[in-house]
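Order of the sequence lines sets the chain letters (A, B, ...), proteins ahead of strands, with each chain counted from 1. Below, all heavy atoms of this structure are taken into account, side chains as well, without hydrogens, waters or symmetry copies.
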Amino acid sequence: MNTEEQKVVLEVKNLTKEFGDDTAVKNISFDLYDGEFLFVIGPSGCGKTTTLRMIGGYESPSSGEIRVRGQLLNNVPLEKRNIGMVFQSYALFPHMTVQKNVEYGLRMRGVSKLARKKKAAEVLSLVELEDYAARYPAQLSGGQKQRVALARVIALEPDLLLLDEPLANLDKRLRDTMRIELKKLQEKVGITTLYVTHDQEEALTMADRIVVMHDGNILQVGSPKDVYNDPTSQFVAGFLGETSSFQGKARVASDGFNEIVIDEAMIVRPIATNSFQAESSVFVSIRPERIKLSKEKQTQEVNCTTGIIDFVSYLGSHVFYFINILNGTALLKASEPIPHGEASFKVGDFVHAYWQEDNVVCITDK
Amino acid sequence: MTISTLSDRLSRYNKFFLLSPLLFFLIFFFAGPLLWLFRVSLYQSRGSSGFGIGGADGKEGGGFYVEGTWTLENYFKFFQDEYFRDIMFFTVELAFIVTVVTMLVSYPMAYYIYKAGAKLKTFLLIIVILPKLSNMLVLVYGLQILLANNGWINKALVGLNIIDEPVKLVYTLFSVVVSKVLLIAPYTILVITAALHGLDRTLRDAAMGLGASGTRAFLTITFPLSLPGSYVALLITIVWALGAFVSPLLLGNPDLQTLATEVPKQTFENVNWAMGSAIAFIILGLMFLVVLVFNLIIGSAIKWRTA
Ligand SMILES: Nc1ncnc2c1ncn2[C@@H]1O[C@H](COP(=O)(O)OP(=O)(O)OP(=O)(O)O)[C@@H](O)[C@H]1O
Ligand SMILES: [Mg+2]
């Protein structure tokens, strides 16, 4: 994906939004390619919705540029942009039937009644709601409302689809189903989509690329794999997925390799391509599923530690262990797949934890 | 009885304890007199001439009605007598005009308040409420002075050479309508403003995102969705307009009298308590009828709300 030849649909350049003294979005830039499913993810209040609203035209930027297919949109009024936005609350018109809701955009564009009907039928069948055309929004379930909101914007064949936490109002089970449905639909229609969420699981499972925002800034842009495996900041490491993180000091070992010492007891050795200034402070992050546990002492001298299991969290397909290490001053999280349904360790067990060099993520800044 | 069972009982009925002062007030000063008034409307009138000065004339017991009688004759008389019928028609006509004018004035004002920024909004709301904080009579007399032949308006119009001679403004339908609108509009505006603020603002955003211009978004989304709330405002306006009393009394003329002004006329001038009471109940009936009819018509038109 996202090679240079790919067509850029949306271009955001140095976008900033100030609300009085408060800067909600700070000079962010990113591109969105044709047909791509791009996720903007970040904690509550980090400026995701504000970014989306500026692109959609519901909010005007304090500075910066927004271009769609090369055309500068900053001064194009909302109703003249061909961008479809699905609101978190769905914003269906309660006094109109599903049919009327879906036809609304076409009606505003002066499409004939016959053509409107045809298009509405088409998109309603796309979201599998043909039989609900005559209902009012109040007569629909949350998931159905969500699909109507989608159908309503898809009917306009927009250049760009903006989704603001479209699954946030649904219960867990429906959310999981809709997640797959939405991804399939996006692939079927091939529509370029910008999706805002604070749910990291959603982003990891659905995204082509992820933009991680924090406090109005973009911290990292990359594929789910990149962002998960190579977080460039402490925040990204902690925000996407579970991780155990430690602060340590870099040093050069007697065999010439770089290593990080944590609490003068645990030695973490990353792959050799990492280089640090001696004595500099380094942040180390290890994913729980990369950590192995054993009752026996391992042969390796580095990338291992010992501890006592403090808590076992049973998740059906997995167990999650919280292990007290370094004399109880730190917590290590490890997960274990349990195909036979039995956890290997219990609370109070003394365990040896170890991991591979390439499972260590080192972050030098912050 | 132990303390705990007593307090149990108290807590079971505590809702009613909280309500009791109001309940007492309503029963003794509203429901009671109303019932008595209804009873009075069913007495036989004493003087059929309309001048039945009800002084004590000894033999027949005197008073303001014939004691011990039960009759619907006052109601029949009302609907048979052209004099009363004309007053009723004028009352309805006036209510219609006042309602239309009030709604036409209130909706745009409410919409403007809804759209205004925080500071302007507070200012406008104070402006709207202010007349209601002053005495109603002060307001009406003020209007009388303003609209008088040598009042400010006429002086200004003559002074600006727009007209040669003062126009008669006061004691006309115009002055009655203006004052009645002034008295009702603050409530109408507040109710519509509240209704507008209850709307989901993202709906308008969504409409414009789908390509609607501001005007079309208003016409297709904001306006229809504000109707259920505005309908409440409409009912308040109609009911109030039907009961017009001070405006026709102080700013009208003998041809511009309403059922409400007729009640004290019958009761105190003609000393015909029975007829006065009957008219009072006819006003009440008229109000109920209007509310009922509107509920049937408009209630079914907004079925999506409850669907
Ligand atoms: N209209 C506004 N006026 C003032 N401040 C605003 C306005 N809209 C948003 N903000 C502020 O801008 C910041 C970013 O808000 P935004 O709605 O973009 O957050 P978000 O990332 O979408 O959060 P969430 O995940 O909770 O939806 C917040 O601090 C918020 O308080
Ligand atoms: Mg948001």
Contact summary for B:L182 and B:L143, nearest pair of heavy atoms
CD1-CD1, 3.8 Å

Closer than 3.5 angstrom, by distance alone: can the side chain of B:Y231 be matched with the main-chain N or O of B:N295 as a donor-acceptor pair?
yes

Return the minimal non-hydrogen interatomic distance between A:P137 and A:F93, and the atom names on each side.
CG-O, 3.4 Å

So which heavy atom on B:R216 is nearest to which on B:T220, and how close?
O-OG1, 2.6 Å

Find the distance between CG (A:D199) and CD1 (A:I41) and round it off to the nearest 0.5 Å.
7.0 Å

Residues in residues 106-121 of chain A that sit under 4.5 Å from chain B, counting heavy atoms only
A:R107, A:M108, A:R109

Checking the side chain of B:S175 only, and the main-chain atoms of B:L251 only, is there a donor and an acceptor separated by less than 3.5 Å?
yes

Can you confirm whether more than 12 heavy atoms, excluding those of A:K26, are under 6.0 Å from its NZ atom?
yes

Against chain A, residues from residues 100-131 of chain B with at least one heavy atom under 4.5 Å, in numeric order, are none

Under 3.5 Å: donor-acceptor pair, side chain of A:T192, backbone of A:D34
no

Can you tell me if A:T193 uses its side chain to pair, donor with acceptor, with the backbone of A:I191 under 3.5 Å?
yes

Residue by residue, scan residues 149-160 of chain A and write down, ordered by number, those that have a heavy-atom distance under 4.5 Å to chain B; if none do, write 'none'.
A:R152, A:V153, A:L156

Decide, yes or no, whether a salt bridge links A:R147 with A:E128 under the criterion of side-chain N to carboxylate O below 4.0 Å.
no

Counting heavy-atom pairs closer than 4.5 Å to chain A, which one of B:L203, B:T202, B:L210 comes out on top?
B:L210

Report the C-alpha distance between A:E202 and A:Y195 in whole Å, list the side-chain angles of each, state the deciding distance to 0.1 Å, and finish with yes or no for side chain to side chain donor-acceptor pair (under 3.5 Å).
CA-CA 10 Å; A:E202 238 165 71; A:Y195 188 120; 2.7 Å; yes

Out of curiosity, A:K188 NZ to A:K183 NZ, how far, rounded to the nearest 0.5 Å?
14.5 Å

Of all heavy-atom pairs between A:V40 and A:M213, which one has the smallest distance, and what is that distance?
CG1-SD, 3.7 Å

Under 4.5 Å from any heavy atom of chain A, what part of B:D200 do you find: side chain, backbone, both or neither?
side chain

Between B:A217, B:G209, B:G214, B:S213, which shows the greatest number of heavy-atom pairs under 4.5 Å with chain A?
B:G209

On a heavy-atom basis, which atom in B:A195 and which in B:G229 lie closest, and how many Å separate them?
CB-CA, 3.6 Å

Is the positively charged end of A:K100 above the ring of A:Y104, judged by distance under 6.0 angstrom from the centroid and angle within 45° of the axis?
no

Any donor-acceptor N/O pair, A:D208 side chain to A:F37 backbone, under 3.5 Å:
yes

Is the B:F38 ring parallel, tilted or perpendicular to the B:F281 ring (thresholds 30°, 60°)?
tilted

A:D164 (side chain) donor-acceptor with A:V196 (main chain) under 3.5 angstrom
no

Within residues 46-78 of chain A, residues adjacent to chain B where the heavy-atom gap is under 4.5 Å:
A:R53, A:Y58, A:L78

